[in-house]
Amino acid sequence: MSEEVKESPRLAAVIGWPVAHSLSPLIHMTWAKRAGIDLHYIRVPARPDYDSFRRVADGLKAAGFAGVNVTLPHKEHALRYAATASPQAKNAGAANMLTFNDKGAHAHNSDGAGFATAVSVALPRGREHYRIIVLGAGGAARAIARAATALLYAGNQSNEVIVVNRTRDKAEAVAALAEGRAVDWSDRAAALAGADLVVNATSLGMKGQPPLDLDLSALPKTAVVFDTIYTPLETSLLKAARARGNPTVSGLEMLIWQAVPAFEAWFRANPEVDDELRTMLIDELRTRGLA
Ligand code: NAP
């Protein structure tokens with residue numbers, strides 16, 4: 001009796017602590033279904049220390065996983081774990097994805113590219129350069145500030161990046177990475193004058209976190225306002241910006257676009273970002289009471 005030999009399913013995962021909230025499985029499973037790929041994508045919790053991360057990553061690699069997405073608090077651990085790393089991961093000092101290979105793992109950070117694609121469509125074209133204000137100087141801000149320097153790069157001048165953060169030292173470190181300048185947190189409202197784009201890369205305004213207290217009166221009405229947060233989908237910052245006529249972009253766009261390079265690297269397929277996927281993610285957030 002001949003038995004049909006089926007191709008084994010492809011495997012991928014997201015590692016974090018906590019990880020139950022991650023939307024990565026829904027994004028990747030949707031793309032896999034569309035591409036006819038038999039994908040099993042799982043959430044794997046790993047305790048916050050490096051050894052726990054290493055043990056989990058070793059196990060998944062040995063089990064034949066193509067790669068893993070990495071979320072808090074393991075993004076720095078992922079870079080440390082990898083045998084090789086992309087310039088984006090090295091610049092950010094952290095990785096949000098690993099691709100397993102013969103050498104071990106290759107680390108990449110797609111947060112900067114995810115941010116750039118998310119905001120590019122909303123920005124006016126044809127400028128020599130843009131003035132970009134980044135609030136925050138954590139892991140996301142590092143990747144964003146660096147990507148912001150070359151956002152829609154057209155002229156001879158790179159963009160002007162201004163980093164505003166509660167902890168001044170961290171603002172200076174991130175500003176240096178983007179060849180920009182640091183501004184004190186207490187001067188954040190004045191820093192908005194003349195901006196083309198404002199990014200909230202702090203955790204302020206997220207469900208369960210304190211609100212972001214930011215007076216928008218100095219901000220030009222043409223400036224794009226982007227919030228990295230997607231729970232809620234429309235933060236108080238985005239609501240206030242929309243009310244005064246500024247174009248806004250939600251963190252859900254960055255979440256979707258940062259997932260594209262992983263899917264491409266692991267499955268050699270081009271995933272499509274469309275409204276069907278957006279609606280699915282929004283419905284999932286609503287079901288969980290997070291939208
Ligand atoms: P992080 O490394 O912990 O950085 C947190 C940032 O928030 C720091 O700059 C911190 O300032 C600031 N902050 C926290 N509490 C504050 C307060 N009470 N007052 C003023 N500033 C405060 O976190 P992260 O990984 O960069 O994440 C930052 C945000 O990006 C989060 O909201 C996260 O959800 C979002 N994110 C979104 C995506 C996406 O795909 N949409 C991807 C990655 C991250 P100090 O330096 O002074 O502590």
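Start at 1 and go down the list; that is how both ligands and their atoms are numbered. For this chain, numbers begin at 1 and follow the sequence in order.
The nearest protein atom to atom 37 (C) of ligand 1, hydrogens excluded, is given as Thr228 O, 3.3 Å; this is a heavy-atom distance. Of the protein's non-hydrogen atoms, Arg166 NH1, 3.2 Å is the one closest to atom 17 (C) of ligand 1. Scanning the protein heavy atoms around atom 26 (O) of ligand 1, the nearest turns out to be Ala140 N, 2.8 Å. For atom 2 (O) of ligand 1, the nearest non-hydrogen atom of the protein is Gly139 N, 3.1 Å.
Of the candidates Asp213, Ile229, Leu204, Leu204 brings a heavy atom nearest to atom 21 (N) of ligand 1. Closest heavy-atom approach to atom 28 (C) of ligand 1 within the set Pro210, Gly138, Ala201: this belongs to Ala201.
With values rounded to the nearest 0.5 angstrom, Asp111 atom CG is found 9.5 Å from Thr228 atom OG1. The CD atom of Glu253 lies 10.5 Å from the OG1 atom of Thr248; values are rounded to the nearest 0.5 Å. Rounded to the nearest 0.5 angstrom, Leu212 CG and Ser203 OG are separated by 10.0 Å.
For atom 48 (O) of ligand 1, the protein comes within 4.0 Å by at least one heavy atom. Distance screen at 4.0 Å: atom 23 (O) of ligand 1 has no protein heavy-atom neighbour inside the cut-off.
Between Ser110 and Asn96, the side chains place a donor N or O and an acceptor N or O closer than 3.5 Å (distance only, hydrogens not considered). For the residue pair Asp169 and Thr167, no side-chain donor N or O sits within less than 3.5 Å of a side-chain acceptor on the partner. Of the N and O atoms on the side chains of Thr84 and His106, at least one donor lies less than 3.5 Å from an acceptor on the other residue. In summary, the side chains of Ser186 and Asp184 do not present any donor paired with an acceptor at a separation below 3.5 Å, with no hydrogens or angles considered.
Between Met206 and ligand 1, not a single N/O pair is under 3.5 Å apart. Of the polar atoms of Leu72, none of the N or O atoms is found under 3.5 Å from an N or O of ligand 1, judged by distance alone. Residue contacts with ligand 1: Ala137 is placed with a nitrogen or oxygen under 3.5 Å of a nitrogen or oxygen of the ligand (distance criterion only). Not one N or O of Trp185 is nearer than 3.5 Å to an N or O of ligand 1, by distance alone. Looking at ligand 1, you won't find any N or O of Lys75 less than 3.5 Å from one of its N or O atoms. Not a single N or O atom of Asp111, backbone or side chain, sits closer than 3.5 Å to an N or O atom of ligand 1. Polar contact with ligand 1: absent for Gln258 (N/O pair, distance under 3.5 Å).
Cation-pi geometry between Arg10 and Phe267 is not met at under 6.0 angstrom from the ring centre and within 45 degrees of the axis.
Contact annotation for Asn96 and ligand 1: no heavy atom of the residue comes within less than 4.0 Å of the ligand. Counting heavy atoms under 4.0 Å from ligand 1, residue Met254 touches it through both backbone and side chain. Residue Asn165 touches ligand 1 through its side chain alone, judged by heavy-atom distances below 4.0 Å. Contact annotation for Leu255 and ligand 1: heavy atoms of both the backbone and the side chain come within less than 4.0 Å of the ligand. Heavy atoms of Arg142 found under 4.0 angstrom from ligand 1: none, in either backbone or side chain.
Ala95 approaches Val70 most closely through the heavy-atom pair O-CB, 3.9 Å. Minimum interatomic distance between Trp185 and Arg166 (heavy atoms only, all atoms of both residues): CB-CA, 3.6 Å.
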Begin from the C-alpha positions of Arg278 and Asp275 and carry the test salt bridge (charged side-chain N to carboxylate O under 4.0 Å, His left out) through to its verdict.
CA-CA 5 Å; Arg278 291 183 178 96; Asp275 285 343; 3.0 Å; yes

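Lys61 and Asp58 are not joined by a salt bridge, as no carboxylate oxygen comes within less than 4.0 angstrom of a charged side-chain nitrogen.
Of the options Leu255, Leu238, Thr235, a side chain to side chain contact (heavy atoms under 4.5 Å, CB included) to Ser250 is made by Leu238 and by none of the others.
For ligand 1, the atoms lying closer than 4.0 Å to a non-hydrogen atom of Tyr230 are 41 (N).
Phe115 does not count as a contact of ligand 1, since none of its heavy atoms falls under 4.0 Å from the ligand.
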